[in-house]
Trainee: 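Following this message is one structure expressed as structure tokens.
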Protein chains: 2
Amino acid sequence: MTRKPASARRQDLVEAGLRVIAREGMHGATVRAIVAEAGVPLATFHYIFASRDEMIGEAYAYIAEVPGTGAALPDGATLEDVVRASFLRWFERFLEHPEYELAIMEVMAYCSRTPSLAHLPGKVQEHYLEALGELLEHVRSELGIAAPAVPTRDVARLVLHATDGLTYAWLRTRDSDASLRWIDAVVPMLAAALGDER
Amino acid sequence: MTRKPASARRQDLVEAGLRVIAREGMHGATVRAIVAEAGVPLATFHYIFASRDEMIGEAYAYIAEVPGTGAALPDGATLEDVVRASFLRWFERFLEHPEYELAIMEVMAYCSRTPSLAHLPGKVQEHYLEALGELLEHVRSELGIAAPAVPTRDVARLVLHATDGLTYAWLRTRDSDASLRWIDAVVPMLAAALGDER
DNA sequence: GGCCGTCTTGGACAGGCGTCCGAGATGCAG
DNA sequence: CTGCATCTCGGACGCCTGTCCAAGACGGCC
């Protein structure tokens with residue numbers, strides 16, 4: 001096998017692990033399945049990771065690194081249009097790989113249950129909030145909205161609640177129409193919070 | 001061991017299973033852990049269920065049987081007040097046993113991954129919608145709101161999206177303040193949809 | 001009282017699991 | 001070229017998993 005530094009093997013295994021979890025779920029993500037996916041011998045796994053849990057934690061943290069959906073805003077769009085467009089774009093991305101979102105949900109549940117990983121879901125949320133916050137700030141400055149009375153971070157939390165609701169409900173029903181109606185319903189509220197109207 | 005009809009043992013095991021999943025997560029819900037919780041010998045399990053998966057499915061369906069939160073409305077309350085009060089009551093119940101909500105999430109993910117159980121999440125959602133629909137109809141008739149242009153079922157779906165968002169986000173962060181702010185933000189929208197204002 | 005459907009139960013089975021050991025290969029630093 | 005830190009990897013360890021069998025105990029009905 002081609003010789004690689006441990007850091008590179010680490011990333012290979014984390015990515016392979018995420019692929020396996022997305023395909024088979026947490027239940028099927030055994031050490032043997034993961035090394036098979038990565039194409040490395042079994043013993044490599046525990047040369048890199050002290051335990052399977054350590055790898056799961058690494059994988060969950062890895063998810064948070066994925067950048068948000070930076071959008072190019074059309075000129076003359078209202079705030080609500082921009083929010084709706086961004087939300088819809090996120091939803092399209094979601095629909096391309098819904099099994100990944102299910103995987104993330106499973107990993108977060110597993111981490112919640114595992115004492116050594118229980119702090120991670122909060123940290124991942126923190127990353128989400130930061131990335132989303134930047135996007136929202138960008139939108140605000142682009143549209144010339146100043147001196148917000150609702151802090152950006154609070155608006156980001158609302159947006160996250162909205163996407164979380166869509167995620168959970170969609171994964172149960174696979175009903176995209178209902179999701180679109182949900183988007184139609186929440187977007188005005190989110191835009192209002194972002195635009196600071198009362 | 002006291003002799004019981006299979007149907008009674010079935011319910012005992014389902015309830016024990018749910019307790020174990022709530023306490024240890026899906027990962028720790030082994031057949032042996034479940035029979036220990038129920039206080040029956042191992043072999044009883046496969047006298048009752050053909051497989052562990054069959055029991056998991058039964059447990060997930062069992063969840064949907066739990067009745068919704070029927071509320072006594074104070075006189076002279078506005079529609080928004082009633083919606084907010086109901087939502088808050090649900091949230092209080094949620095806070096009493098959040099680990100159960102996490103368990104439900106894990107079971108739903110597991111079912112999604114298991115071909116023979118993949119149809120269940122949709123069915124459970126259907127039960128939720130029905131129960132919630134009845135509650136909403138009750139509120140509507142109580143407040144004398146007639147001829148809805150937005151079908152009750154659609155409003156119920158919106159409410160479900162809102163509670164799902166709260167559930168998912170809370171389980172990551174355990175941030176009840178953020179949840180309350182979310183409730184404050186969505187309730188007017190939900191009330192508007194229920195009250196049929198545009 | 002004897003029968004028979006229903007329920008109980010100890011024990012075993014094969015297979016999969018996470019983890020670990022120790023010997024060998026590799027390739028840069030001196 | 002030698003030395004040493006780094007990486008590779010076959011194979012095994014003990015434990016736990018879901019599932020099953022076959023023998024026994026119960027208890028209502030003829």
Side-chain angles (χ1 to χ4, degrees), chain A residues 1-21 23-60 106-107 109-111 113-118, chain B residues 1-21 23-60 106-107 109-111 113-118:
Chain A
M1 172 124 302
T2 55
R3 229 176 141 81
K4 277 193 187 183
S7 62
R9 283 266 177 263
R10 196 165 257 262
Q11 176 158 350
D12 289 353
L13 284 169
V14 163
E15 286 171 359
L18 284 173
R19 257 177 285 138
V20 172
I21 298 172
R23 197 185 331 118
E24 325 258 9
M26 186 95 284
H27 187 70
T30 66
V31 173
R32 281 168 176 81
I34 293 166
V35 296
E37 173 78 21
V40 301
L42 176 58
T44 297
F45 191 95
H46 282 90
Y47 175 71
I48 301 293
F49 299 106
S51 68
R52 194 188 82 119
D53 282 354
E54 183 184 316
M55 183 258 141
I56 298 292
E58 213 105 324
Y60 190 46
E106 292 183 73
V107 174
Y110 182 83
C111 289
R113 300 282 190 191
T114 309
S116 66
L117 305 175
Chain B
M1 171 124 304
T2 55
R3 228 174 141 84
K4 278 193 187 183
S7 60
R9 283 265 177 264
R10 196 165 258 262
Q11 177 160 349
D12 289 352
L13 284 168
V14 163
E15 286 172 0
L18 283 173
R19 259 177 283 137
V20 173
I21 299 172
R23 194 181 338 114
E24 325 258 8
M26 185 94 289
H27 187 70
T30 65
V31 173
R32 280 168 177 81
I34 294 166
V35 296
E37 173 78 22
V40 301
L42 177 59
T44 298
F45 191 94
H46 283 89
Y47 175 71
I48 301 292
F49 299 105
S51 68
R52 194 188 84 120
D53 282 354
E54 183 184 315
M55 182 259 141
I56 298 291
E58 214 105 324
Y60 189 46
E106 293 183 74
V107 175
Y110 182 83
C111 289
R113 300 285 190 189
T114 309
S116 66
L117 305 175

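Chain letters run A, B, ... following the sequence lines, proteins first, then strands; residues in each count from 1.
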Trainee: Look at the side-chain N and O atoms of A:H46 and state whether any lies under 4.0 Å from the OP1 or OP2 oxygen of C:dT19.
Mentor: yes
Trainee: Hey, which sits more toward the 5' end of DNA chain C by its nearest nucleotide, B:L42 or B:K4?
Mentor: B:K4
Trainee: So do the side chains of A:T30 and A:E24 get within less than 4.5 Å of each other, counting heavy atoms only?
Mentor: no
Trainee: Identify whether any heavy atom of B:S7 sits under 4.0 Å from a base atom; if not, whether one sits that close to sugar-phosphate; answer base, sugar-phosphate or nothing.
Mentor: nothing
Trainee: Taking all non-hydrogen atoms of both residues, which atom of A:A33 and which atom of A:G28 are closest, and how far apart?
Mentor: CB-O, 3.5 Å
Trainee: Taking OP1 and OP2 of D:dT8, is either one under 4.0 Å from a side-chain nitrogen or oxygen of A:T44?
Mentor: no
Trainee: A:V35 versus A:T44: any side-chain heavy-atom pair under 4.5 Å?
Mentor: no
Trainee: Are OP1 or OP2 of C:dC7 and a side-chain N or O of B:Y47 less than 4.0 angstrom apart?
Mentor: yes
Trainee: What I want to check is whether an N or O donor and acceptor connect the side chain of A:R3 with the base of C:dG27 at under 3.5 Å.
Mentor: no
Trainee: Is the shortest side-chain N/O distance from B:R9 to OP1 or OP2 of C:dT8 below 4.0 Å?
Mentor: yes
Trainee: Just wondering, do B:V40 and B:F45 contact through their side chains at under 4.5 Å, heavy atoms?
Mentor: no
Trainee: Rounded to the nearest angstrom, tell me the gap between atom CZ in B:F49 and atom P in D:dC20.
Mentor: 15 Å
Trainee: Between the base of D:dG18 and the side chain of B:R32, is there any donor-acceptor pair under 3.5 Å?
Mentor: yes
Trainee: On DNA chain C, does the nearest nucleotide to A:V31 precede the nearest nucleotide to B:A43 from the 5' side, or the other way round? Give the residue.
Mentor: B:A43
